[in-house]
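Input: a single structure, listed below in structure tokens.
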Amino acid sequence: MLSKALIQERLQTRFVGRKLFVFETIDSTNACAKTLAEADTEEGAVVVAEFQTQGRGRLGRPWEAEANENLLFSVILRPSIPRPLAGLLTFFASVAVARAIDETGTAPAVCKWPNDVLLDGKKVCGILLENSLRGETIEYSIVGIGLNVNQERFPDPLRHRATSLRIALGRPIDRIDCLARVLLSLERAYEDVRGGDFEAILADWTSRCSMFGREITVTQNNDLVTGKAVGLKKDGGLVLQTPSGPRTIYAGDISLLPSP
Ligand code: BT5
């Protein structure tokens with residue numbers, strides 16, 4: 001079981017996770033972190049739960065994870081970066097999680113635009129970034145992370161699309177050790193980006209992404225855009241070469257089309 005004392009014993013961070021809230025069951029760690037951030041809780045505070053009754057992804061989609069098997073947590077950050085860079089925090093979190101996953105001995109973790117981390121072509125982690133913007137600045141950012149750790153089976157329709165560290169490695173993983181690694185990785189990566197320099201993060205993210213040079217489809221609400229993924233803009237926009245010219249996409253879900 002995850003306990004505050006055991007987690008704090010293993011933490012190697014300076015500030016991330018030093019203020020820690022651990023729940024058995026909660027609606028959503030992101031919702032809780034948001035309430036705490038509104039009440040001026042400090043940067044680096046982390047909310048962890050063993051189970052979420054309303055775990056959420058983007059656009060109100062559910063995040064489903066068995067109790068006591070996974071990592072479900074949210075980090076409060078207060079980066080002093082200009083508003084147009086706010087969306088880049090998703091890339092920072094993806095890269096930080098991917099680096100921590102690599103340390104467990106898996107094949108290199110892959111990043112999928114905009115907010116997924118994959119192992120063996122399946123989603124092992126989803127990230128939900130929720131920013132509170134005031135004028136031109138970011139008041140706070142909540143980085144919500146759902147990492148599948150020891151769950152061995154996923155219900156339909158996730159069965160063929162989700163995986164866990166345990167499935168990838170063929171052995172159970174110490175969740176406290178894993179959480180401590182991810183929080184340390186987040187803190188280290190944050191040192192780079194808190195002042196607005198995302199260059200190294202975007203380079204790492206791009207090197208972990210398998211879609212460039214391939215035909216993909218992006219679904220955005222009811223809009224469907226198909227084209228070749230050619231690059232990532234400095235603000236995180238995905239550039240597609242479409243039959244009607246280049247297009248930059250900022251939100252949506254991508255799927256790779258089969259190679260011809
Ligand atoms: C995400 O959204 O991938 C972001 C998920 C963030 C979850 C964390 S858990 C801690 C924190 N507190 C919260 O309330 N949320 C965050 P999106 O890209 O919209 O993907 C959601 C989709 O992923 C769902 O519609 C499912 O298809 C799929 N999915 C749900 N649970 C999954 C799981 N355990 N593993 C893999 N895929 C899953």
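Counting convention: from 1, in listed order, for ligands and their atoms alike. This structure is a prediction, so every number in the text was calculated from the model and none was measured.
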Name all residues meeting the salt bridge (charged side-chain N to carboxylate O under 4.0 Å, His left out) criterion together with [X]; count only those two or more places apart in sequence or in a different chain, and write none if there are none.
| X | answer |
| --- | --- |
| Arg208 | Asp102, Asp204 |
| Glu24 | none |
| Arg153 | none |

From Gln151 CD over to Asn70 CG, what is the distance, rounded to the nearest 0.5 angstrom? 5.0 Å
Less than 4.0 angstrom from a charged side-chain N to a carboxylate O is my criterion; do Arg194 and Glu187 meet it? no
Salt bridge check: are Glu139 and Arg134 linked by an N-O gap of less than 4.0 Å? yes
Taking only heavy atoms of the protein into account, state which residues are under 4.0 angstrom from an atom of ligand 1, in chain and number order. Ser28, Thr29, Asn30, Gln52, Gly55, Arg56, Gly57, Arg58, Arg61, Pro62, Trp63, Glu64, Leu72, Phe73, Ser74, Asn115, Asp116, Lys123, Gly126, Ile127, Leu128, Gly144, Ile145, Gly146, Asn148, Leu158, Arg161, Ala162
